Amino acid sequence: MSDEEEIILSELSDEELTLQMHDDLYDGMKEEIEEAVNILLERGWQPYDVLTKALVEGMRIVGIDFRDGILFVPEVLLAAGAMKGGMAILKPLLAETGAPRLGSMVIGTVKGDIHDIGKNLVTMMMEGAGFEVKDLGINNPVENYLEALETGEFDILGMSALLTTTMPYMKVVIDTMVEKGMRDDFTVLVGGAPLNEEFGKAIGADAYCRDAAVAVETAKEFMAKKHNQMAAG
Amino acid sequence: MAQISDSDLTETGLDAPSDPAGRVLILACGALAREILALIKLNDWGHMDLTCLPAKLHLYPDKITDAVANAVEKHRADYDQIFVAYADCGTGGMLAAKCEQLGVEMIAGPHCYSFFEGNEAFGKLEDEITAFYLTDFLVKQFDAFVWKPMGLDRHPQLRDVYFGNYTKLVYQAQVNDPALDAKAALIAEKMGLPLERRFTGYGDLSVALGGILRG
């Protein structure tokens, strides 16, 4: 973009602006994203449309290029930072306008682990996809998860760990849920760099999610199954 | 032995001697090369040769197990014994399982921060989950190992995204070297963390290598 003339966002058509937002998200340009979100809202766009057509679609492209090894973690973090800027504007408006809600998730990094980059990406992508997310932060003992789950406000439990020394703690949480007879009330998704599908199965999670985009798709699938079961029941 | 550079130890490792002199081959992470060579010299362990895999493998821990296994197979015929100078190093028990299968020993513990400190002592530092550790090698290779792979050379604004949850930088010194102390101080400043210097010496690395019999 540096060789081209400066783009005046407000002079672009809706379609051009949306595509420009995809580019700006890709390039991690937070201020431009915030400006564009405000322009679309001023033009009468529904917050939900700004979210899905501009931001989520832009992050979907980022997710694909990350998966394919074209983009790397630093660039994804910058894109996420830009999306966060847009989300900060949209979030209160989405709540006011009663945007569709796909489900709810409580998420946290497990006890002994302070790594939260992946978890934060999942949180943001899930919110972008229409999930309500409560983020418990880092270093969570089993009690924190249980306390949140016992409120009855959540469909999904998400757990994250970056260390091979902390990832076994996920099993402690799941085993405690089993002991309390509440395991089957929730979908349990796990993720983190050292995990894999076998580990997810071995500890009794419903699914291992390789990255934030996979987490969103997996959460959607489980929510659809749940709704189908409820409809059938 | 020809001069070895830290960047070579990071990127390519260290070849085994073309004419094996020892009966034991230490197959190590490049990040431990200088410490192991120092211990060999200090203790006159003439029965040991050293070869190293690139230290950068630690950026992809899922590749460590296969790389170690391949190297064991490559050198097995030339030595009576091969000792793997790796701890678990983020392999989630995979390396230990492979070493057992191959019939070779390795260093106990989760990683080098633990065995330099001493595994038992490190296990008691439960309040240190918010500490970011560096060894002598990592102080020397900080840019190649941490700053550049994290993209901080290009995007310094991401610093607090990466390090915001840490409360201190612990520099585990294997040797007393004012130049390394000064570099660690600069790194701490760059990371925005207070520095704690802790002299560990060679810790359990010395114990593990010292346990290898001369045969």
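If you're wondering where the values come from, they're calculated on a predicted model, not measured in any experiment.
For CD of B:Glu73, the number of neighbouring non-hydrogen atoms (other residues, nucleotides, ligands) closer than 6.0 Å is greater than 12. When the shell of 6.0 Å around NZ of A:Lys111 is examined, it contains 12 or fewer heavy atoms from other residues, nucleotides or ligands. Atom CD of B:Gln81 has more than 12 neighbouring heavy atoms from other residues, nucleotides or ligands inside a 6.0 Å radius. Counted within 6.0 Å of CD on B:Gln157, heavy atoms from surrounding residues, nucleotides or ligands total more than 12; the atom is thus considered enclosed. Crowding of B:Glu196 atom CD: a count of heavy atoms from other residues, nucleotides or ligands under 6.0 Å exceeding 12. Summarising the local packing, CD of A:Glu150 is surrounded by more than 12 heavy atoms from other residues, nucleotides or ligands at distances under 6.0 Å.
Considering only heavy-atom pairs separated by less than 4.5 Å from chain B, the leading option among A:Leu163, A:Asp116, A:Thr166 is A:Asp116. Between chain A and the options B:Pro110, B:Gly93, B:Gly90, heavy-atom pairs under 4.5 Å are most frequent for B:Gly90. When the candidates A:Thr165, A:Asn196, A:Leu78 are compared by the number of heavy-atom contacts under 4.5 Å with chain B, A:Leu78 comes out ahead.
Taking both residues in full, the closest heavy atoms of B:Met150 and A:Pro74 are given as O-CG, 3.2 Å, listed atom of the first, atom of the second, then distance.
Taking CG of B:Asn165 as the reference point, atom CD1 of A:Ile138 lies at 4.0 Å (rounded to 0.5 Å).
If you measure heavy-atom distances from A:Asp113 to chain B, the contacts under 4.5 Å come from the backbone alone. Residue A:Ile114 touches chain B through both its backbone and its side chain, counting heavy-atom pairs closer than 4.5 Å.
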Should B:Thr91 and A:Thr164 be marked as a side chain to side chain contact (heavy atoms under 4.5 Å, CB included) after you check the CA-CA gap, both sets of side-chain angles, and the distance that decides it?
CA-CA 7 Å; B:Thr91 66; A:Thr164 52; over 6 Å; no
